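What you see is a predicted model; the values in this text were computed from it and never measured.
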Amino acid sequence: MAADLANYMTMAVPRYTSYPTAPHFHTGIDADTYASWLAQLDADAPVSLYLHVPFCRQICWYCGCNMKLVGDREEPLRDYVDVLDREIALVAGALPARLKVSHIHWGGGTPTVLSGDDLAKVMATLHRHFDVRGDAEVAIECDPRTFDAAKANALGALGFNRASFGVQEFDPRVQAAINRIQPPAMVAAAVEALTAAGIERINFDLIYGLPHQTTEMLLDTVAQCLGLGPSRIALFGYAHVPWAAKRQRMIAAEALPGASERFQQAERAADALVAGGMVAVGMDHFAFPDDPLAKAVRTRRLRRNFQGYTTDEATTLIGMGSTSIGRTPFGYVQNASETGAWARAITEGRLAVAKGVCLSEDDVLRGRAIEELMCFGTLDMDDLARRFEAQQDWADDALAFLRPLEADGLVTIDHGRVTVTPAGRPFVRIIASSFDRYITRGPCRHSAAV
């Protein structure tokens, strides 16, 4: 890689699953604010639901998510489900009507630590308070180490139609270094169980930049994953942020591949996925051409939210559970991350909002610009100005930042249209950041761009 492009690899920028991004949420947005936003929602517009389960049976040292180690204990899970059940009813009571639901996503943590009965209890409560459309996507994140045919059958019976597995890397040395031992046969058995239960839409997550990982290891993992027949694969860069995720201190920084090796891993793995018949979706997702995600790219209906790239077009995402984030047309909210504080609020009959941010007209405009670049790699700034009735010079600050990137071959700028070049695709987060009026250039603690 040319020296001038190598400088971009270590630039720290957000992943832009929201705009403004989560570090800019503040405590000025509270439960009363959120309740007023919920009351103003369009009663005829579908919404999406996100349910967060912050528990895992084992700790993965690479993980930066908000989670609690539950081990073999069941009581904390039952208690959590009881409060989650009450939160669903509390949120529904703040809505203007019984709303339609187009997407449901369970994340964590590991949602499948819950028993089939507990999952059934929560799903029944959702159906009591919302109209879940017959074509709704109902997805859940799974851990193959604690998954079996009985759990797969329970998911199938409850109407789940998409499941996601964190494969990360199959090499045994890397798995040991991140404390996640799951041989390929274990993942294959989980896929087989899901397919037998009628759940054929399966996602895999892979990670590059892990300790001791080489390009050859990752390419071998990609080949094995393609052989298991998932419909989508996400390829993420490991974000080493031990100051934020203390469990990452178990990973020796000197065992991590350098910036050039990370870049090669990302590029070679992406090439292998495309060679295997998948279509690149955004900066880090891949899907087969007949998958709805790939179709959404072709029709420019792809969107980006806290679950990454999605076909979900709902303008409202209601988050439930501790630390969950939601979005309304008026702003973002995030629940208390500490499960005790979250549970106390719900038990006292209060929405558990800890912070958020109100969206200005400029936020909505710039958020859409960032999303279009992240999803499609192109942006017509003049057209966006017309759609949002903005001044024609609204993006002058972004253009000033983009000119050096244009000189380095990462973008082209032609009559108000910004286009990410093939060389610029790995750096699309940097390109998108040109429209971020909140970002602080220089030392900061986002993850590396590649």
Do [X] and [Y] meet the criterion of a side-chain donor-acceptor pair at a distance under 3.5 Å?
{"X": "N203", "Y": "E141", "value": "no"}
{"X": "R327", "Y": "N305", "value": "no"}
{"X": "S433", "Y": "D436", "value": "no"}
{"X": "R304", "Y": "S18", "value": "no"}
{"X": "Q248", "Y": "W243", "value": "no"}
{"X": "D171", "Y": "Q175", "value": "no"}
{"X": "D408", "Y": "Y8", "value": "yes"}
{"X": "Q307", "Y": "H103", "value": "no"}
{"X": "R180", "Y": "Q182", "value": "yes"}
{"X": "T215", "Y": "Q265", "value": "no"}

Subject >> Interatomic distance, Q334 atom CD to T27 atom OG1 [nearest 0.5 angstrom] >> reply: 12.5 Å
Original post:
Could you state the interatomic distance from CG (D42) to OG1 (T328), rounded to the nearest 0.5 Å?
Top reply: 12.5 Å
For this output row, return yes or no: ring centroids of [X] and [Y] closer than 6.0 angstrom.
{"X": "F435", "Y": "W394", "answer": "yes"}
{"X": "F236", "Y": "Y208", "answer": "no"}
{"X": "Y332", "Y": "F25", "answer": "yes"}

Original post:
Can you name the residues that form a side-chain hydrogen bond (donor to acceptor under 3.5 Å, both in side chains) with D382, not counting sequence neighbours?
Top reply: none
Taking [X] first and then [Y], would you say they form a salt bridge - that is, a charged N and a carboxylate O separated by under 4.0 Å?
{"X": "R303", "Y": "D312", "result": "no"}
{"X": "R366", "Y": "D397", "result": "yes"}
{"X": "D362", "Y": "R437", "result": "yes"}
{"X": "R387", "Y": "E372", "result": "yes"}

Subject >> Contact list for residues 230-246, test salt bridge (Lys or Arg N to Asp or Glu O under 4.0 Å), sequence neighbours left out >> reply: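 Counting only pairs at least two positions apart or across chains, the salt bridge (Lys or Arg N to Asp or Glu O under 4.0 Å) contacts touching residues 230-246 are R232-D291.
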Subject >> Donor-acceptor pair, side chain of R57 and main chain of G71, under 3.5 angstrom >> reply: yes
**OP:** Using atom types as modelled and distance alone, determine if a side-chain donor or acceptor of S360 lies under 3.5 Å from a backbone N or O of D363.
**Re:** yes
**OP:** For side-chain contact (heavy atoms from CB on, under 4.5 Å), just list the numbers for E169 and M217, CA-CA rounded to whole Å, side-chain angles, deciding distance to a tenth of an Å, and then say yes or no.
**Re:** CA-CA 8 Å; E169 167 65 69; M217 290 174 185; 3.9 Å; yes
Original post:
Would R300 count as a cation-pi partner of F376, with NZ or CZ less than 6.0 Å from the six-membered ring centre and within 45° of the ring normal?
Top reply: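 Yes - R300 lies over the ring of F376, closer than 6.0 Å to its centre and within 45° of its axis.
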**OP:** Check step by step if side-chain hydrogen bond (donor to acceptor under 3.5 Å, both in side chains) holds for E87 and N335.
**Re:** CA-CA 11 Å; E87 184 178 21; N335 275 353; 2.8 Å; yes
**OP:** Would you please name every residue forming a ring pair (Phe, Tyr, Trp, His ring centres under 6.0 Å) with F288, sequence neighbours left out?
**Re:** none
